[in-house]
Chemist: 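Got a structure for you, written out below as structure tokens; questions coming shortly.
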2 protein chains.
Amino acid sequence: MKFTDKLSAAWATNTSLLCVGLDPDVSRLPAHVRDQPDAIVRFCKGIIDATADLACAFKPQIAYFAALGAEAQLEAICAYLRERYPHIPLILDAKRGDIGATAHQYAREAYERYGADAVTINPYMGFDSVEPYLAWSDHGAIILCRTSNPGGSDLQFLQVDGKPLYQHVASLVADKWNRHGQCSLVVGATFPEELAQVRALVGDMPLLVPGVGAQGGDIEATVRSGKTAQGTGMMINSSRAILYAPPLAGEDYAAAARRVALETRDAINLYR
Amino acid sequence: MKFTDKLSAAWATNTSLLCVGLDPDVSRLPAHVRDQPDAIVRFCKGIIDATADLACAFKPQIAYFAALGAEAQLEAICAYLRERYPHIPLILDAKRGDIGATAHQYAREAYERYGADAVTINPYMGFDSVEPYLAWSDHGAIILCRTSNPGGSDLQFLQVDGKPLYQHVASLVADKWNRHGQCSLVVGATFPEELAQVRALVGDMPLLVPGVGAQGGDIEATVRSGKTAQGTGMMINSSRAILYAPPLAGEDYAAAARRVALETRDAINLYR
């Protein structure tokens with residue numbers, strides 16, 4: 001099934017625009033999990049099982065695995081997601097960006113090795129650094145446009161023909177690169193007015209929106225700015241606020257994660 | 001030792017501006033190597049041993065390992081380089097680009113796990129996506145500026161205040177990001193006049209220059225455009241033209257690689 005179709009189905013099935021980011025920082029895992037072998041896999045499975053009926057996508061961040069030499073654990077988590085929750089899109093957050101032959105290798109990594117439905121990609125090297133990913137016709141390419149970090153403005157806000165660079169990226173992707181409906185964009189929640197400008201440029205293209213939760217983005221403004229006429233079109237990501245939610249009395253980490261994921265999903269749904 | 005000092009020493013010791021790229025595509029390995037266990041490690045060690053007195057740096061491309069789940073082989077190759085040729089800088093070509101906490105994980109991957117002296121980084125997300133790498137004060141951050149692929153122009157040639165974006169990146173890095181002399185830039189050999197413009201903007205900053213060899217860049221124009229007043233300042237990369245040099249009668253792949261590396265090094269030195 002095509003990535004966008006799978007995403008649309010997950011939006012409907014779980015009544016959710018919430019993407020749960022899996023950024024397992026070992027130093028922040030609960031002590032009783034951290035000390036076990038396979039701690040990362042165990043922790044992530046706990047988060048996944050607790051939130052799978054609340055999420056429209058899961059998004060593991062490969063850097064947390066690569067720093068530890070834990071690729072086998074990432075493979076195990078991806079396999080678990082595909083087998084147990086095949087209806088929930090799996091997005092590999094890798095932000096790859098390289099030329100043709102090398103991009104092809106990165107596409108194999110994301111789509112074949114990890115079985116991701118979609119992967120995040122950096123646009124700085126241009127279309128021939130994105131095109132190799134599109135050869136996998138059922139898979140999605142999620143291209144950085146306007147990122148939620150403070151330094152995002154260093155390049156993305158430079159003015160090109162009177163418009164900031166990120167708007168040129170949005171138009172390039174929507175008008176030229178997205179030939180077969182495989183592309184999405186990353187647009188941070190920290191700039192709702194910019195999210196609205198991107199939405200106006202790209203029609204119903206799905207947007208991956210980080211910056212809600214730990215990064216402080218405002219949910220109401222984010223949803224109102226980024227949704228489509230159908231009240232969908234977004235994967236609003238929260239990672240740390242869910243993964244490391246402080247447990248209330250009687251909760252373990254998974255129950256705390258579920259509580260925050262439910263609150264976040266429902267807060268999003270208020271404004272759709 | 002600082003990356004730039006190690007690089008300067010290697011320029012002098014080997015009278016070389018040649019960077020040997022290690023992009024081991026299994027389908028292109030010699031049949032007698034390909035069929036062996038540990039084929040990638042064996043092949044790369046052969047290339048390294050054959051060219052270590054001709055190179056100013058080695059640059060493994062991580063995508064070729066990641067696609068295969070061959071991180072252990074990359075670790076083995078990097079360990080071999082560090083132990084056998086500790087005076088030759090090891091550059092991990094990863095083109096990472098992500099925000100603070102995640103960038104920190106990628107820096108750990110490059111500098112601690114693989115022991116690289118420097119890593120390539122994408123500037124699209126701005127300074128706070130580069131800054132975490134600079135916390136490792138002896139290591140280098142090699143930032144994409146003007147890339148050698150045709151699509152490189154899609155973004156990098158957009159005009160900002162009458163100058164192409166890549167020149168803004170060059171100035172940002174030279175004037176603001178390079179606070180402690182750790183930064184270098186990637187500038188493709190396919191555009192010598194642009195290489196000269198970058199050189200004029202960045203003083204003696206080292207430039208990693210891909211695009212010679214299989215990608216067709218002209219060596220004379222590249223060296224004349226990119227060198228510093230001292231006749232150094234460049235890591236001119238060749239990967240496929242060396243790795244997959246067709247052997248002449250009596251040569252194995254390593255001897256063929258050595259021959260092409262020697263020719264390339266000497267061709268570069270003609271114009272320094």
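Computation of the quantities below employed the complete heavy-atom set of this structure, encompassing side-chain atoms and omitting hydrogens, waters and symmetry-equivalent molecules.
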Chemist: Side-chain atoms of residues 62-70 of chain A: list all donor-acceptor pairs with protein atoms under 3.5 Å, sequence neighbours left out, distances to 0.1 Å.
Modeler:
none

Chemist: Of the backbone (N, CA, C, O) and the side chain (C-beta and beyond), which part of Gln159(A) lies under 4.5 Å from a heavy atom of chain B, both, or neither?
Modeler: backbone
Chemist: Check each atom of Val130(A) against the heavy atoms of chain B and say whether the ones under 4.5 Å are side chain, backbone, both or neither.
Modeler: neither
Chemist: Could you list which of residues 174-186 of chain A have a heavy atom closer than 4.5 Å to any heavy atom of chain B, in residue-number order?
Modeler: Trp177(A)
Chemist: Can you confirm whether Leu155(A) sits close enough to Leu172(B) that some side-chain heavy atom of one is under 4.5 Å from a side-chain heavy atom of the other?
Modeler: yes
Chemist: Rounded to the nearest 0.5 Å, how far does OH of Tyr124(A) lie from SG of Cys145(B)?
Modeler: 5.5 Å
Chemist: Scan the side chains in residues 97-104 of chain A for donor-acceptor partners under 3.5 Å anywhere in the protein, sequence neighbours excluded, and list what turns up.
Modeler:
{"from": "Asp98(A)", "atom 1": "OD1", "to": "Lys95(B)", "atom 2": "NZ", "distance (Å)": "3.4"}
{"from": "Asp98(A)", "atom 1": "OD2", "to": "Gln61(B)", "atom 2": "NE2", "distance (Å)": "3.2"}
{"from": "Asp98(A)", "atom 1": "OD2", "to": "Lys95(B)", "atom 2": "NZ", "distance (Å)": "2.8"}

Chemist: Which value, rounded to the nearest 0.5 Å, describes the distance between Asp25(A) atom CG and Gln105(B) atom CD?
Modeler: 6.0 Å
Chemist: List the atom of Asp128(A), the atom of Pro150(B), and the distance in Å for their closest heavy-atom pair.
Modeler: OD2-CD, 3.1 Å
Chemist: So which residue, Ser129(B), Gly126(B), Ala94(B), Ser153(B), ends up with the most heavy-atom pairs under 4.5 Å with chain A?
Modeler: Gly126(B)
Chemist: Can you run down the salt bridge (Lys or Arg N to Asp or Glu O under 4.0 Å) pairs that involve residues 149-173 of chain B, sequence neighbours left out, and say none if there aren't any?
Modeler: none
Chemist: So which of Leu165(B), Thr147(B), Asn122(B) has the biggest tally of heavy-atom pairs under 4.5 Å with chain A?
Modeler: Asn122(B)
Chemist: What option among Glu75(B), Glu131(B), Met125(B) has the most heavy-atom pairs under 4.5 Å with chain A?
Modeler: Met125(B)
